[in-house]
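What follows is a single structure, written as structure tokens, with notes after it.
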Amino acid sequence: MNFPQLVALANYLASHGLLCLRFTCKGLNLGYRTKAYGAVLAYLKSNEEHKVAGVFLAGRSMGSRAAASLIRVACEQDDDFVQGLICLSYPLHPPKARSKLRDEDLLQITKPVLFISGSADEMCDRALMMNVVSKIKAPVKIHWIENANHGLTTKGKTLDDMLAEINEQTLLWIQQILKLQKG
């Protein structure tokens, strides 16, 4: 929740009129995180005091896996409340274990997806990701940050430059999706 990319992204999106809710989970267990994320989503859907028309689920690394699991369920249930998925540094495979793909949820998604990944991410081989994306049934955009690692840092770019790139790409994508949905 307090990774610089997530804080900066939430602030940037909020400054452009989008409500952002950040939360964290203490455990590293994917099942636990998915359950906690599901509870937050259920709260947003049922809250009478603050009506929200729809949401984009987002996460960084394992958080994006939890978000992908939830959007898969939303797609299966034709849930229009969930409008899309934003994955920062999606961990497609464990480091040095490229044969163990974590793509089972991604392949079932039918709502728009944005991936922002580093081209040198040790947990997201570019060729493997391109192959997985070719099988996804939804509109997908991938933004590669050249030479960036799993933490989305790279030599030669300042943190501010990196954050600006992530923020601008994400806002542009959300605006495009919302425009398409309005028809």
Side-chain angles (χ1 to χ4, degrees), residues 1 3 5-25 30-31 33-92 102-117 124 129-130 132-145 152 163-183:
M1 170 174 116
F3 276 98
Q5 297 100 339
L6 298 178
V7 172
L9 181 58
N11 289 336
Y12 185 79
L13 295 176
S15 74
H16 286 82
L18 298 170
L19 175 66
C20 295
L21 173 65
R22 292 182 303 123
F23 64 94
T24 194
C25 296
L30 180 61
R33 285 184 177 211
T34 302
K35 188 175 180 181
Y37 207 143
V40 171
L41 183 58
Y43 173 77
L44 290 173
K45 288 170 92 172
S46 67
N47 188 309
E48 293 295 324
E49 187 176 344
H50 304 286
K51 281 286 189 195
V52 178
V55 297
F56 287 87
L57 302 182
R60 186 196 163 283
S61 194
M62 190 186 297
S64 65
R65 283 186 68 200
S69 180
L70 286 177
I71 199 167
R72 176 190 51 80
V73 172
C75 291
E76 290 170 352
Q77 298 174 350
D78 290 324
D79 184 349
D80 290 333
F81 186 73
V82 179
Q83 299 176 11
L85 174 65
I86 302 162
C87 296
L88 303 180
S89 294
Y90 186 86
L92 185 60
R102 299 164 172 159
D103 61 352
E104 56 281 346
D105 288 322
L106 299 177
L107 298 176
Q108 304 305 314
I109 295 172
T110 57
K111 295 179 183 279
V113 183
L114 170 65
F115 291 101
I116 297 181
S117 294
C124 186
M129 178 56 104
M130 296 304 289
V132 168
V133 163
S134 73
K135 299 174 189 174
I136 296 175
K137 301 167 189 139
V140 176
K141 178 179 179 184
I142 304 177
H143 180 76
W144 294 102
I145 299 177
L152 294 175
L163 295 176
E165 183 174 348
I166 293 166
N167 296 347
E168 290 164 8
Q169 288 295 318
T170 304
L171 178 63
L172 178 64
W173 179 80
I174 290 171
Q175 290 171 333
Q176 290 170 344
I177 297 304
L178 291 175
K179 190 175 190 178
L180 286 172
Q181 289 177 348
K182 286 182 181 176

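For clarity, every value in this text was computed on a predicted model and none was experimentally measured.
For His16, the ring pair (Phe, Tyr, Trp, His ring centres under 6.0 Å) partners two or more places apart in sequence, or in a different chain, are Tyr12. Partners of Ala36 by side chain to side chain contact (heavy atoms under 4.5 Å, CB included), not counting sequence neighbours, listed by chain and number: Cys25. For Val133, the side chain to side chain contact (heavy atoms under 4.5 Å, CB included) partners at least two apart in sequence or on another chain are Phe115, Met129, Ile136, Val140, Ile142. By the salt bridge (Lys or Arg N to Asp or Glu O under 4.0 Å) test, Lys51 pairs with Glu48, sequence neighbours left out. Residues satisfying the side chain to side chain donor-acceptor pair (under 3.5 Å) criterion with Asp78, sequence neighbours excluded, are absent altogether. With sequence neighbours left out, Lys45 forms a side chain to side chain donor-acceptor pair (under 3.5 Å) with Asp79. Checked against side chain to side chain contact (heavy atoms under 4.5 Å, CB included), Lys35 has no partners two or more places apart in sequence or in another chain.
Of all non-hydrogen atoms in Arg22 and Val7, the two that sit nearest each other are NH1-CG2, 3.3 Å. Of all the heavy atoms in Arg102 and Pro91, the pair that sits closest is CD-O, 3.0 Å. A pairwise comparison of heavy atoms in Pro112 and Gln83 identifies CD-O, 3.4 Å as the closest pair.
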Practice problem: Apply the test side chain to side chain contact (heavy atoms under 4.5 Å, CB included) to residues Val82 and Val73: give CA-CA distance (whole Å), side-chain angles for both, the deciding distance (0.1 Å), then the verdict. | Solution: CA-CA 10 Å; Val82 179; Val73 172; over 6 Å; no
Exercise. Go through the steps to decide whether Ile86 and Lys141 satisfy the test side chain to side chain contact (heavy atoms under 4.5 Å, CB included), and finish with yes or no.
Key: CA-CA 10 Å; Ile86 302 162; Lys141 178 179 179 184; over 6 Å; no
Practice problem: Go through the steps to decide whether Asn11 and Asn167 satisfy the test side chain to side chain contact (heavy atoms under 4.5 Å, CB included), and finish with yes or no. | Solution: CA-CA 9 Å; Asn11 289 336; Asn167 296 347; over 6 Å; no
Quiz item: Run the side chain to side chain contact (heavy atoms under 4.5 Å, CB included) check on Gln5 and Leu163 step by step: do they pass?
Solution: CA-CA 6 Å; Gln5 297 100 339; Leu163 295 176; 4.0 Å; yes
Side-chain donor-acceptor pairs under 3.5 Å in residues 174-183, sequence neighbours left out?
none

Can you give me every donor-acceptor pair (side chain of residues 52-62, partner residue at least two apart or in another chain, under 3.5 Å) with its distance?
| from | atom 1 | to | atom 2 | distance (Å) |
| --- | --- | --- | --- | --- |
| Arg60 | NH2 | His150 | O | 3.4 |
| Ser61 | OG | His150 | NE2 | 2.8 |

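Summarising the local packing, OH of Tyr43 is surrounded by 12 or fewer heavy atoms from other residues, nucleotides or ligands at distances under 6.0 Å.
To the nearest 0.5 angstrom, Leu88 atom CG is 6.5 Å from Leu152 atom CG. How far CG of Leu19 is from CG of Leu44: 8.0 Å, rounded to the nearest 0.5 Å. Separation of atoms CD1 (Ile116) and SG (Cys87) is listed at 10.0 Å; rounding is to 0.5 Å. From Leu85, atom CG reaches atom CD1 of Ile109 across 5.0 Å, with rounding to the nearest 0.5 Å. We find the NZ-OG1 distance between Lys137 and Thr110 to be 8.0 Å, quoted to the nearest 0.5 Å.
Sorted by first and then second residue, the salt bridge (charged side-chain N to carboxylate O under 4.0 Å, His left out) pairs with a member in residues 164-178 read Lys157-Glu165; sequence neighbours excluded. Sequence neighbours left out, the pairs with a member in residues 62-73 that pass side chain to side chain donor-acceptor pair (under 3.5 Å) are Arg72-Glu76, Arg72-Asp105.
Residues Trp144 and Cys124 meet the side-chain proximity criterion, which asks for heavy atoms closer than 4.5 Å. Side-chain contact between Val113 and Ile71 is absent, with no heavy atoms from C-beta onward closer than 4.5 Å.
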